[in-house]
Amino acid sequence: MARRKVVAGNWKMNMTPTQAVELIETLKPLVASDEVDVIFCVPAIDIPAAVEAVKGTNIKIGAENMYFEEKGAYTGEIAPDMIVDAGATYVIIGHSERREYFAETDETVNKKVLKAFEHGLTPIICCGESLKQREQGITIDWIRQQIKIAFLEVTAEQAKKAIIAYEPIWAIGTGKTATSDQAEEVCFAIRCCIKELYNEEVAEAITIQYGGSVNAGNAAELFAKPDIDGGLVGGASLKPDFGKIVNYK
Ligand code: PEP
C-alpha cells in the first residue's frame, strides 16, 4: 500500500494564542485534503487554543519540543503528559535549532523519542547535516549515526509509526532547498538504515519527510520522489502558501 503523504508545519517561535487561532481560521479551508495528513506544530502555549480551533477539520496539532522526564524540578520545560492533556498528538524532536541553540544531542533525542512513544505521542524526529559535513562527503554516515542513536530501544511497532524529517541544516530558513535528487538520496539512505535496524515492513511503513525551504514552487517535485513522504515546513507554514504545499498535486 502506498504511504500517505504527511505535511507538517513548524511554527517555531511565532504566533501568540490569539494569533494562532486567526492563522488557523485562515488556513483551515486551504489545507483541507483527503489525501494528505496535515499537522500544525505550534508553540506549547498555543496548543489548547489550536486544538480547539481545529476541531472538526483534518488538521492535527503537535508540539515543537518536549522534555524526557515525567515531572519535577526542570524549570521551563514541558512534560509529555502536559502535551497529551492539552490535546496535541505529535511532537517534533531534535530540530536542528534545538540542537544548535539548546545543546540537544542524539542521546537526548533518543530519550525524548522513547518518552514520546510511552505517552502515545508520534515523534517527528529531525536529522540533518551541516554544509561543512556535506562538503566533506560525510552526509550519509552522519545521518545514519543520528538515526541509529535516535532509534535505540525503539520497538519495531513504535518505529512503524514514527516520522523522520530529513532537514539539511544549510537548507533551513535559508531559501536554499536541496535538489529533489539530493533529498531523495538521503531519504532513501534513511529508509535503508531503518530496514537494517528493523526489517522491510518497518522501512516501508515509516514516514520520511524532507524539510528545508519547502515552498509552493518546489513541493510537487520533492514529494514526487519515492522515498519522500511529505515535508516539514517552517517559514511557508505561516502563510496561505501552506495550502498549496498540502495540495501540491
Ligand atoms: C523547519 O523549521 O523545520 C524548516 C524546514 O524551516 P524552513 O521551511 O523555513 O526552511
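Indexing begins at 1, ligand by ligand and atom by atom, following the structure's order.
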Between Glu69 and Lys115, does at least one N-O distance fall below 4.0 Å, as a salt bridge requires?
no
For the pair Asp106 and Arg99, find out whether any cationic side-chain nitrogen is under 4.0 Å from an anionic carboxylate oxygen.
yes
Hydrophobic cluster of Ile39, others only, ordered by chain and residue number, side-chain cut-off 4.5 Å:
Val6, Tyr90, Ile92, Ile124, Ile163, Leu232
Taking ILVMFWY side chains as joined if any heavy atoms are under 4.5 angstrom apart, and letting links pass through other members, which residues group with Phe102?
Tyr101
When you look for protein heavy atoms under 4.0 Å from ligand 1, which residues do they belong to?
Asn10, Lys12, His95, Glu167, Ala171, Ile172, Gly173, Gly211, Gly212, Ser213, Leu232, Val233, Gly234, Gly235
Main chain of Gly175, side chain of Ser213: is a donor-acceptor contact present, judged purely on distance under 3.5 Å?
yes
Suppose we screen for side-chain contact (heavy atoms from CB on, under 4.5 Å). Which residues come up paired with Glu196, at least two apart in sequence or across chains?
Arg144
